[in-house]
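Report on the following structure.
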There are 4 protein chains.
Amino acid sequence: MSPADSTAAEQPVRGRPRSEAVERAIIEGVMKLLEEGVSLAEISIERIARTAGVGKAAIYRRWSGKEELFVDVLRTAEPDDLELPGTSMRDDLIVLLESLRRRGLVNRSSAILHNVQVQMKSSPKIWAAYHNTVIAPRRRLGIEVLRRGQRNGELRLDVDVDLVNDLFVGPMLVRAVLRPDADLPEYLPERIVDTLLAGLRPVSTPVP
Amino acid sequence: MSPADSTAAEQPVRGRPRSEAVERAIIEGVMKLLEEGVSLAEISIERIARTAGVGKAAIYRRWSGKEELFVDVLRTAEPDDLELPGTSMRDDLIVLLESLRRRGLVNRSSAILHNVQVQMKSSPKIWAAYHNTVIAPRRRLGIEVLRRGQRNGELRLDVDVDLVNDLFVGPMLVRAVLRPDADLPEYLPERIVDTLLAGLRPVSTPVP
Amino acid sequence: MSPADSTAAEQPVRGRPRSEAVERAIIEGVMKLLEEGVSLAEISIERIARTAGVGKAAIYRRWSGKEELFVDVLRTAEPDDLELPGTSMRDDLIVLLESLRRRGLVNRSSAILHNVQVQMKSSPKIWAAYHNTVIAPRRRLGIEVLRRGQRNGELRLDVDVDLVNDLFVGPMLVRAVLRPDADLPEYLPERIVDTLLAGLRPVSTPVP
Amino acid sequence: MSPADSTAAEQPVRGRPRSEAVERAIIEGVMKLLEEGVSLAEISIERIARTAGVGKAAIYRRWSGKEELFVDVLRTAEPDDLELPGTSMRDDLIVLLESLRRRGLVNRSSAILHNVQVQMKSSPKIWAAYHNTVIAPRRRLGIEVLRRGQRNGELRLDVDVDLVNDLFVGPMLVRAVLRPDADLPEYLPERIVDTLLAGLRPVSTPVP
DNA sequence: GCCTAACCGAGACGGTACGTCACGTCTTTTA
DNA sequence: TAAAAGACGTGACGTACCGTCTCGGTTAGGC
């Protein structure tokens, strides 16, 4: 989690060690600003330092810029893991979509973070970092669920699981990116999953 | 298309009229910068003016800021209309998705514009403008196609067309936002449409 | 008085003749601004045009810049002539100094104009024009009075009239430039003239 | 001499202290521009910063505007003190006038500074600052010399020393403000002092 | 108990861009 | 052709941040 995790050599620390309190104060300072409704563009390093009661150098000592810092802010805000029921593919998918709806990419109650993610898309380097640590694992989890479904006979074998994963995730992303106003009951994960599964079951039976 | 379209009164022009050439030079200057790979964050009003060979005031006279300008840049780059074959709902949907894939929200060849859209999400006012003039019309078109499909017997009557529209648009958005690397044949519009329609036809027949 | 006085050829006017009303409106606009306490530096050509209800071009058609315009403003504000009593050198000098005190270089009631003059010193070209048309004639008048005094036996013959003129003008200038606060009765022209004449009379008699 | 002289409390310095080198570079940058004949109006803060190799903020950190800066430029150029012979009032006055002629208000060799002073008159606040630190002390010195003269019997007791001081200073100011061309031997301080003293001695004796 | 090195908050540093304003010129319609 | 109006390129205004660099002072481990 620490920004200096990757350094392997672990040379003996000389001089005063970095204060973890400073680290926390900075990240929480960014959070506080975001929660106050301060636009991403309005958040400057100087303002972060001011809010956190910290010198600018303390920030630059840890992150090379605003974007790198934001990656860690997002990582801190991310849910660490996701408990899947495992009773059926359908149940797992519903939980996955529900988690998308509630937080992470499609966080509605704290829509603040969404903008951070969206902003990061402009910086390929940052986006890659965020993609690797947050988005890709989640995608892998979804695909794994679908593969298990295929083995269990819940999902046709002739479909591309990558594509099917996108079919499930897509509506949630549309809501988050294009239709932030829409929060209708029609968009309940259960309904989406069932609608899609209607055409994806191995033996395609008429809908009752 | 002009930034001052909305003013209805059409009062008699006094003084020297604004040069259309300047207008074009500014918008094309932004395009040029974007094509040169200049990051969105690196594009300043001063740089635009320098590139377009124009004074800063000429820009501020037309747009109140960078974001407003970008809206018009996007509008200029947008396809003006979309020719639907009208032979069937399936064909229309394929054309719609194909247009999404090729340009607009999911522009691959000039992926530059995507970042502009994504950036705009940070500014609610700008996003609303862009949403109203570009995204909403496209969505209305999709929903109209679906409604026609319901009347023609190509789409079940008990589904929510809003949701179904999102089901179709979703995968393309996932690719654009989360998986810019993915350009596999599996994501051909034809394939997506057929996969989804499998579970959405009134009389659900097995896929051939 | 008109700015185009110097043009001698008097070629037949072609097209619409220049409006004298515009000319007056511009000069009076500047006066109005000065009287309202607007600092010289705050008076821009654009503001003058706005105040006078006139286009900028109408100003540039007549004067090549702000300074040239100010010369004419000062010329308009200047007293046209000065009535000397002629009864004696002493009386003439008192009138001269009194006129200095009341207006022109040492204008107290409308001290505004003083700043215009002072500002003009920065522009050699303008200063020359102002010097030739306003200051030099006044100086010539003073020297003439002194020469007459020498012929009448009121002033010693062995003094340099240029220097003596400066002796008389000097105190008023000190007051105007260095001591704008000082307006004491001690500085009455009568007193200055008598104090100086005490040492300048041909037969030096004790002061009564 | 420093712009922050007045702060008495001497609170412990926090952060990086301001560089004296920057201070010097700015003032000398202005001097350099003035010596190159750049008009006062052409000297912008941006140009000063460019010339001094300094950021604009470094200037605004020290002075609130161009005028405040000019006050310090003048103060730096001013002679710090003036050595009076003290042998007699006449000798002291000659030295005073000579110093006026050579530098300060009536600096001929570097006439550049004169325009700065003259320009400052437009800004009352600035003028007051300059008056208090430069002009007033010099005036006090002159008046002190005159008072000593009265006690020594060199000056009549019934004259107003303020007025008499102006009589002495006046001619030098006339030359500086109105007659920059005049540098004749007649204007030697010795001559002016003697001419004026002729009528101001306690026992007024005929001039030989 | 020192020494040394890296940390800390603070803030100055040379830059760049902001959005506004005035410059002097140019281009329109109207008289 | 002059008139008012106002757009044009240019460039200065004063402010805010950028990322770097001193300051004096603090906080640890190694001597």
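Order of the sequence lines sets the chain letters (A, B, ...), proteins ahead of strands, with each chain counted from 1.
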- prompt: What is the distance from CZ of D:R18 to P of E:dG11, rounded to the nearest Å?
  reply: 10 Å
message: Without decimals, in angstroms, what is the distance between B:I45 CD1 and E:dC18 P?
response: 6 Å
message: Both B:A57 and C:V22 contact DNA chain F. Taking the nearest nucleotide for each, which residue is further toward the 5' end?
response: C:V22
task: Return the nearest nucleotide to the side chain of B:R62; candidates are F:dC8, E:dG9, F:dC13.
output: F:dC8
task: Would you indicate whether the side-chain heavy atoms of A:R62 and A:E68 approach each other to under 4.5 Å?
output: no
statement: The residue, A:G55 or D:E20, whose nearest nucleotide of DNA chain E is more 5′ is A:G55
query: Rounded to the Å, how far apart are A:R47 CZ and F:dC18 C1'?
result: 16 Å
message: Any side-chain N or O of D:R50 below 4.0 angstrom from OP1/OP2 of F:dA12?
response: yes
query: Which listed nucleotide (E:dG14, F:dT10, F:dC8) is nearest to the side chain of B:R61?
result: F:dC8
- request: Please report, rounded to the nearest Å, how far the C1' atom of E:dT16 is from the CD1 atom of B:I43.
  value: 16 Å
field: Distance, rounded to the nearest Å, where A:R14 contributes CZ and E:dC3 contributes C1'
entry: 10 Å
message: The side chain of B:S44 is closest to which nucleotide in this list: E:dC23, F:dA4, E:dA17?
response: E:dA17
- request: Just compare F:dA5, E:dC7, F:dG19 and give me whichever is closest to any side-chain atom of A:Y60.
  value: F:dG19
- prompt: Which whole-number value in Å describes the distance from D:K66 NZ to F:dA12 P?
  reply: 10 Å
message: Students often get this wrong, so: under 4.0 angstrom with heavy atoms, is D:G65 touching a base, only sugar-phosphate, or nothing?
response: nothing
task: Nearest-nucleotide wise, let me know which of B:A58 and C:A49 is further upstream toward the 5' end of DNA chain F.
output: C:A49
message: Could you tell me how far apart C:I59 (CD1) and F:dA4 (P) are, to the nearest whole angstrom?
response: 9 Å
- request: Compare the minimum distances between each of F:dA28, E:dC18, E:dC23 and the side chain of C:E46, then state the nucleotide with the smallest one.
  value: E:dC23
message: Using only atom types and a distance under 3.5 Å, with no angle test, would you say the side chain of A:K32 pairs donor to acceptor with the backbone of A:A52?
response: no
message: Please determine whether a side-chain nitrogen or oxygen atom of D:R16 lies at a distance below 4.0 Å from atom OP1 or OP2 of E:dA12.
response: no
message: From CD1 of B:I48 over to P of E:dC18, roughly how many Å is that when rounded to an integer?
response: 8 Å
- prompt: Nearest heavy-atom pair of A:A49 and A:G55: which atoms, and what distance?
  reply: CB-C, 4.2 Å
query: For the side chain of C:K56, counting heavy atoms from C-beta on, which of E:dC23, F:dG9, E:dC8 is nearest?
result: E:dC23
query: Is B:R18 reaching over with its side chain to a backbone N or O of B:R61, donor-acceptor style, under 3.5 angstrom?
result: yes
message: Quick check: closest heavy atoms across D:W63 and D:E23, and the distance to 0.1 Å?
response: CH2-CG, 4.3 Å
